[in-house]
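Heads up, the thing below is written out as structure tokens.
Order of listing sets the numbers, starting from 1, for every ligand and every atom in it.
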Amino acid sequence: MRTLTTVADLRRHLAERRARGGSALTGSAVALVPTMGALHEGHLSLIRAAAAEADTVVVSVFVNPLQFDDQLDLARYPRDLDHDAELAAAAGAAVLFTPDVREMYPPGFATTISVAGVTDTLEGEHRGRAHFDGVTTVVAKLFAMVGPEMAYFGQKDAQQVAVIRRLVADLNLPILIKVLPTIREPDGLAMSSRNVRLSIVERNRALALPAALAAARECWLAGRRDVGEIIGAAKKVLADRGVQPEYVALVDPHTFAPVWGDTAGVVLLALAAPVGQVRLIDNVLLQREPSERKA
Ligand SMILES: Nc1ncnc2c1ncn2[C@@H]1O[C@H](COP(=O)(O)OP(=O)(O)OP(=O)(O)O)[C@@H](O)[C@H]1O
Ligand SMILES: CC(C)(CO)[C@@H](O)C(=O)[O-]
Ligand code: BAL
């Protein structure tokens, strides 16, 4: 695996690899897995899936200052580039792209890519307009730098997925967006780079999030369709375990518009909550698993 830090080196290396041609199975397809590093099994599942489908997997590691609404969160964001390189290589990455902030945003940089509508609610509302503007600006730049045929994202950041899909559709970008399920710890906590900042007590309290999602799903599976009732089931679990959510919401999984009254069709239950000094998010799609559907 090559570790590259400049756009010029990245472009040169990818051009050489493309010129060589790939295998009969994958052609010379390039896949991008954008990350902010401190890699864990969630990221590795994306890299492995990309490696199975593309000749060249580029993993980017860039802690993007533009998308942080909280400067302390940016300063404390976990960083471990040497370990990331080992893990990414073992999972099948061909290139680790780790630009510094000046390479990504040189002096004079003045462009913002902004997606409207789907960014209005939940994370967009609570982390502020700049969060998703930061995400879409850096992702658009990464797409332009790498020129991937496909890009891989995790369902844990469900709204980010909807925003990226909108970006790709609106700008006619010829990039296939692949979304993989949330990878969880054995006890149910969604893997996240920020989990390392939880104390033992907080780590235990954080289990309130998957438990709240499970309670809401139980309620939905029991046939309840009243939005207040489903959200109430999740909120009760959080309150019982001493977690105060920033939001618990039922939304359309494509537009992220809130669902009111009675739910119909597939809806997404999403929540965000601080646990100690760490802000966690999680979500579940309320739909019947294929095995639960009637033949
Ligand atoms: N548990 C997970 N399962 C599947 N994909 C994940 C998981 N966690 C993160 N990802 C995906 O990995 C990509 C990079 O995410 P990122 O580097 O922000 O990691 P993270 O663990 O979400 O960090 P944090 O939530 O602390 O910012 C995103 O597409 C994200 O959705
Ligand atoms: C997509 C991303 C790498 C952009 O900085 C980030 O938002 C993330 O890690 O999910
Ligand atoms: N995984 C989402 C990136 C962020 O929290 O800013």
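Checked by distance only, ligand 1 and Lys156 come closer than 3.5 Å through their nitrogen or oxygen atoms. Between Tyr77 and ligand 1, a contact under 3.5 Å exists for at least one N or O pair. Between His40 and ligand 1, at least one N/O pair is under 3.5 Å apart. Taking any N or O of Ile183, backbone or side chain, at least one lies under 3.5 Å from an N or O belonging to ligand 1. Every N/O-N/O distance between Ala190 and ligand 1 stays at or above 3.5 Å. Below 3.5 Å of separation, one finds an N or O of Gly154 facing an N or O of ligand 1. Below 3.5 Å of separation, one finds an N or O of Arg194 facing an N or O of ligand 1.
Considering Glu123, Gln67, Arg194, Arg279 only, the shortest heavy-atom separation from atom 5 (O) of ligand 3 involves Arg194. The option with the heavy atom closest to atom 12 (O) of ligand 1, from among His43, Gln155, Glu41, is His43.
Taking a cut-off of under 4.0 Å to the non-hydrogen atoms of Thr35, the atoms of ligand 2 that pass are 3 (C). Taking every non-hydrogen atom of Pro34 and a distance limit under 4.0 Å, the qualifying atoms of ligand 1 come out as 13 (C), 14 (C). Which parts of ligand 2 touch Gln67 is read off a 4.0 Å heavy-atom cut-off, strictly below it: atoms 4 (C), 5 (O), 6 (C), 7 (O). Close contacts of ligand 2 with Val138, meaning ligand atoms under 4.0 Å from a residue heavy atom, involve 4 (C), 5 (O). Proximity to Pro34 (heavy-atom distance under 4.0 Å) selects the following atoms of ligand 2: 3 (C).
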task = Please test Asn64 against Tyr77 for side chain to side chain donor-acceptor pair (under 3.5 Å), starting from the C-alpha separation and ending with a verdict.
result = CA-CA 10 Å; Asn64 177 30; Tyr77 200 83; over 6 Å; no
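The single protein non-hydrogen atom nearest to atom 9 (O) of ligand 2 is Met36 CG, 3.5 Å, given as residue, atom name and distance. The nearest protein atom to atom 2 (C) of ligand 3, hydrogens excluded, is given as Asp157 OD1, 3.2 Å; this is a heavy-atom distance. Counting only heavy atoms of the protein, atom 4 (C) of ligand 3 lies nearest to Arg127 NH1, 3.3 Å. The protein non-hydrogen atom at the shortest distance from atom 1 (C) of ligand 2 is Gln160 NE2, 3.5 Å.
To the nearest 0.5 angstrom, Arg127 atom CZ is 10.5 Å from Gln159 atom CD. Rounded to the nearest 0.5 Å, atoms CZ (Arg279) and CG (Asp69) are 7.0 Å apart. With rounding to the nearest 0.5 Å, the separation of CD in Glu229 from CG in Leu250 is 11.5 Å.
Counting heavy atoms under 4.0 Å from ligand 1, residue Met36 touches it through both backbone and side chain.
No side-chain N or O of Ser28 forms a donor-acceptor pair with one of Asp55 less than 3.5 Å apart.
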